[in-house]
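Here's the structure, in structure tokens; my notes come after.
Protein chains get the first letters and strands the later ones, always in sequence-line order, with residue 1 at the start of each.
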Amino acid sequence: MQVYTNKKSHKGKYIVVGTIILIITIAITSEKANFATNITSYITTPVYRLFNGINSLIGGSFNYIARIGTLETDNEKLLKENEKLKYDNFILNEFKEENKELRNLLEMSEKDTYPVVTGAGVIGVDPSSYSKIFIIDKGKNNGVTENMVVINYQGLVGKVIQVNDISSKVMAITDEESAVSCMLQRSKEPVILKGANLQDNGDVCKLDYITTDTDIIEGEDIITSNISDIYPEGIPVGKVIKIQTDSSTLVRQVYVKPNVNYRRINNVLLIKNK
Amino acid sequence: MNNTVKTVLGLFIFAIINTIYIRYFNIMGITPNINAIVVVLIGLNMGMAKGAYYGLYLGLLIDMIVGSSLGLNALIYMYIGYVSGALAKRMYNESILISTIAIIIADIFYNLVIYCTHYLPKDYEFIKYCIRVLLPEAIYTLGLFLCIYYLMVLIRKQINQGL
């Protein structure tokens with residue numbers, strides 16, 4: 001009985017000591033990259049690559065088998081689409097040249113295209129409901145730096161918040177900690193877009209300080225603004241889906257659905273921040 | 001390979017698989033807390049000490065892989081494992097009811113700590129947090145646990161009948 005009591009008190013002591021150590025660790029490591037995380041990424045990233053490889057191999061094979069019957073019609077459809085895209089591309093090139101000439105006439109500087117640093121694959125996401133952080137398979141060794149802007153073909157995804165040697169952590173714009181300087185596409189009025197994952201229907205953002213005299217409508221496009229310190233101008237962000245007016249304060253709650261589908265995000269591009 | 005090595009490796013693989021596939025379980029921004037299910041089951045079946053150690057290990061892994069600060073998940077899951085082990089010592093007899101209650105309490109405890117560390121400083125309303133996150137996640141986690149449990153029972157039954 002005596003032995004049992006001693007054992008029990010030791011367990012309690014370990015828990016107390018463990019708690020104190022962990023609280024100190026949280027305080028020290030909060031919000032910055034650290035040695036342990038970097039070392040872990042060397043072990044976890046190859047395992048992630050292996051699982052993602054198996055995943056795409058199995059998924060790809062199933063997809064191929066499921067679509068085998070419709071391959072001929074799909075091919076025909078794609079050929080037609082390709083022809084149409086070729087034509088659209090030709091027209092767009094014409095516009096580009098025309099735009100260049102007009103800009104030269106007006107002596108305006110040419111707009112830069114986004115300087116892409118590297119492409120990356122999404123290999124994992126934070127399993128908790130509150131945080132919208134995910135991991136990509138490129139890090140310091142590939143030229144990735146903190147605050148680099150992350151986009152995909154649909155629009156703005158987020159920004160890099162922590163860089164390890166071979167992987168990095170990206171905060172999505174829907175994360176409650178995220179704030180992006182944007183503007184309304186029609187009126188060019190500047191707005192602050194904040195992550196509002198825990199509000200409305202989840203995976204949304206909201207616009208701050210929108211008063212009743214702001215010219216904004218449902219369905220309006222939101223793009224990054226030219227006054228941001230990090231994000232280049234003109235990246236598509238999302239669409240306004242709901243506007244709620246509080247009659248007592250005359251402030252409106254505006255919800256924005258991001259263009260990016262975070263459930264299906266597999267590949268991203270990293271572009272240099274401003 | 002002894003049991004400890006197997007569990008450590010198993011939890012490592014689990015942590016990675018969980019972070020790869022969890023996004024497909026996202027419903028309106030809410031994901032089930034599968035880590036809590038695993039830690040509670042370890043605590044209930046292996047006791048206080050192992051519950052605490054493996055909880056600490058899994059939490060640290062999650063912190064290192066995706067967390068923004070090192071130690072928060074480790075601390076929460078260490079307590080969940082320890083308390084589950086203590087619960088098992090007093091009343092657990094492989095009862096589904098005790099597992100169910102422990103998982104609900106663990107998930108609510110996890111989200112209460114997250115509320116205190118992340119949302120209380122930002123004046124996020126507690127009632128709103130309960131309605132939007134705490135309750136839906138507890139229900140989702142529990143539902144998933146019950147689905148897995150009854151699936152396992154069904155498979156076990158089929159195997160026994162086959163034999």
Output the option from [options] having the highest count of non-hydrogen pairs under 4.5 Å with chain A.
options: B/Asn18, B/Val133, B/Ile22; answer: B/Ile22
options: B/Leu61, B/Ile17, B/Thr117; answer: B/Ile17
options: B/Tyr79, B/Tyr110, B/Tyr129; answer: B/Tyr79

Counting heavy atoms not belonging to A/Tyr153, are there more than 12 under 6.0 Å from its OH?
no
[X] portion near chain A, given a 4.5 angstrom heavy-atom threshold:
X: B/Tyr140; answer: neither
X: B/Asn111; answer: neither
X: B/Asn26; answer: both
X: B/Ile131; answer: neither
X: B/Ala52; answer: side chain

Applying side chain to side chain contact (heavy atoms under 4.5 Å, CB included) to A/Thr44 and B/Met64, what does each step give before you reach the verdict?
CA-CA 10 Å; A/Thr44 53; B/Met64 285 193 281; over 6 Å; no
For A/Pro127, run the side chain to side chain contact (heavy atoms under 4.5 Å, CB included) check against B/Asn33, B/Thr31, B/Ile34, B/Val66 and tell me which one passes.
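Only one option passes, and that is B/Val66.
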With rounding to the nearest 0.5 angstrom, report the [atom1] to [atom2] distance, [X] to [Y].
X: B/Ile20; Y: A/Phe134; atom1: CD1; atom2: CZ; value: 15.0 Å
X: A/Glu176; Y: B/Tyr119; atom1: CD; atom2: OH; value: 4.5 Å
X: B/Ile16; Y: A/Leu50; atom1: CD1; atom2: CG; value: 9.5 Å
X: A/Ile133; Y: B/Ile65; atom1: CD1; atom2: CD1; value: 13.0 Å

Can you check whether B/Ile114 reaches A/Ser128 side chain to side chain, under 4.5 Å on heavy atoms?
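Side chain of B/Ile114 against side chain of A/Ser128, heavy atoms only: no contact under 4.5 Å found.
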Taking all non-hydrogen atoms of both residues into account, name the closest pair between A/Tyr262 and B/Arg23 and its distance.
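Closest pair (atom of A/Tyr262, atom of B/Arg23, distance): O-CD, 4.1 Å.
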Heavy-atom contact with chain B under 4.5 Å, split by part of A/Ile135
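Side chain of A/Ile135 only, per the 4.5 Å heavy-atom cut-off to chain B.
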